[in-house]
Amino acid sequence: MNRNRSHDEWQRAQRVLAGGVNSPVRAFGAVGGDPIFFESGDGAIVRDVDGNEYVDYVLSWGPLILGHRHPAVIRALELALTRGTTFGAPTIAETDLAEELIACTPSLEVVRMVSSGTEAAMSAIRLARGFTGRDGIVKFDGCYHGHADALLVAAGSGAATFSIPGSRGVPKRAVEHSHVAPFNDGDAVKKLLREKGDEIAVVAVEPVAGNMGLVPPEPGFLELLRAETERAGTLLLFDEVMTGFRLGLSSAQGRLGVTPDLTALAKVVGGGLPLGAYGGSAAVMKHLAPGGAVYQAGTLSGNPLAVAAGLATVRELRATEPYAAIEKTAGALETGLLAAADRAGVPVRIQREGTMMSLYFREGPVRDYEDAKSADQERFARFHRGMRDRGIYLPPSQFEAYFLSTEHGEAEIERTIEAAAATFADIASGRS
Ligand code: KE4
């Protein structure tokens with residue numbers, strides 16, 4: 001597949017953009033080769049600057065559950081543009097979107113909009129600390145909540161839950177109140193909360209983890225978090241930036257029947273434009289400025305263009321409830337990929353929750369980050385390269401998830417499985 005223009009643009013970008021990209025995972029570091037520069041997208045298809053077409057399973061890391069350039073979203077943006085781009089003042093559409101989010105999400109009585117998932121999670125943490133008067137936070141190894149200092153922590157070695165900065169530039173003191181427990185390890189988090197619960201403001205979790213590949217919660221894990229946080233007077237934050245309105249109209253919390261105290265949203269609810277939101281009960285949210293003492297602000301928070309795209313997306317989802325159909329398509333993809341890998345004699349593990357899934361080159365369940373890291377990364381990279389050369393665009397990291405949209409149909413799935421069969425055969429024979 002000729003990607004000369006992407007190659008040239010990649011050389012140019014690296015001279016003026018840090019690492020050549022505006023977000024690290026886009027640099028293809030884990031899969032090799034030059035990143036692909038995209039020019040346009042329609043439905044489930046993206047087109048690169050060399051004119052090649054790909055079935056897109058990244059969908060901008062989740063937002064595009066209606067596919068690229070859905071007519072309802074484009075119409076809403078065109079209408080919004082006739083009025084302006086930003087006012088830095090209240091607009092009716094922000095209230096409209098807030099009402100839609102609250103109507104669908106069990107934990108929400110009041111929300112605050114921001115411009116990214118990082119801002120949503122970071123602000124929810126600050127609110128929990130302000131509300132409880134406690135400094136401690138608990139997160140889970142392999143879960144990602146954006147790049148705020150307190151959340152960029154790595155698990156300490158061994159079973160210890162002490163934290164070390166997960167990035168240079170994060171001072172030790174920024175993570176001294178952050179604790180890290182293994183995902184799906186109820187005993188570890190129960191022990192931590194029983195011992196330190198009165199210091200812990202919030203437990204933050206991706207209710208279905210998507211940043212170590214797709215790792216579902218084991219039966220009882222979320223229920224245990226709910227019970228133990230209630231017992232400790234700690235708030236439970238579901239980071240539904242990825243799962244929100246992707247796992248159903250009531251997100252993971254409605255699908256799995258566990259209601260947190262706080263929820264962070266972004267991606268789907270912004271319809272592909274920069275919008276995040278966080279919220280919870282009115283009793284907690286009233287502690288936010290201007291009425292409360294917990295400060296948070298944003299120049300473009302609730303931006304009219306982002307709200308227009310988000311509102312159109314959420315209203316389309318509420319009107320059509322496409323989840324069962326997308327899940328059926330995702331199931332066909334899962335079945336087809338497993339059969340193709342089996343025919344080639346290549347051991348793979350696929351884990352799926354609704355319309356999101358991951359493929360690991362290992363056998364057996366992936367329960368946590370250690371399991372995910374034990375998968376064969378070399379084979380993952382070879383698979384990614386083989387699939388991109390056959391017109392299938394997969395997330396360029398083992399620790400990401402595939403996303404499907406309303407626009408992925410039988411033709412796209414057949415094309416994907418055909419490409420996978422050939423790529424698995426190459427891997428089995430050592431040709432790639
Ligand atoms: P953003 O600041 O990137 O909008 O959201 C941060 C975030 C928070 N919480 C969860 C569960 C998330 O998955 C994310 C962002 N997800 C990554 C992909 N896994 C974004 C891709 C990127 O970093 O470029």
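When a ligand or atom number is given, it counts from 1 through the structure's own listing order.
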Output a table of donor-acceptor pairs, distance under 3.5 Å, between side-chain atoms of residues 260-277 and any protein atom two or more places apart or on a different chain; print 'none' if there are none.
unit_1, atom_1, unit_2, atom_2, d
Asp261, OD1, Arg226, NH1, 3.4
Asp261, OD2, Arg226, NH1, 3.3
Asp261, OD2, Arg226, NH2, 2.8
Asp261, OD2, Leu236, N, 2.7
Thr263, OG1, Ser107, OG, 2.6
Thr263, OG1, Gln253, NE2, 3.0
Lys267, NZ, Trp61, O, 3.0

- Message: What does the 4.0 Å heavy-atom contact list look like for ligand 1?
- Response: Ser23, Val25, Trp61, Ser116, Gly117, Thr118, Tyr144, His145, Gly146, Glu206, Asn211, Asp239, Val241, Met242, Lys267, Glu400
- Note on the structure: salt bridge (Lys or Arg N to Asp or Glu O under 4.0 Å) pairs touching residues 25-39, sequence neighbours excluded, are none
- Message: Please enumerate all residues that pass side chain to side chain donor-acceptor pair (under 3.5 Å) together with Asp185, with sequence neighbours excluded.
- Response: none
- Query: So Phe221 and Phe140, would you call those rings parallel, tilted or perpendicular, with 30° and 60° as cut-offs?
  - Reply: perpendicular
- Query: Any salt bridge between Arg246 and Glu240, counting N to O under 4.0 Å?
  - Reply: no
- Message: With rounding to the nearest 0.5 angstrom, report the CD to CG distance, Glu400 to Asn211.
- Response: 5.5 Å
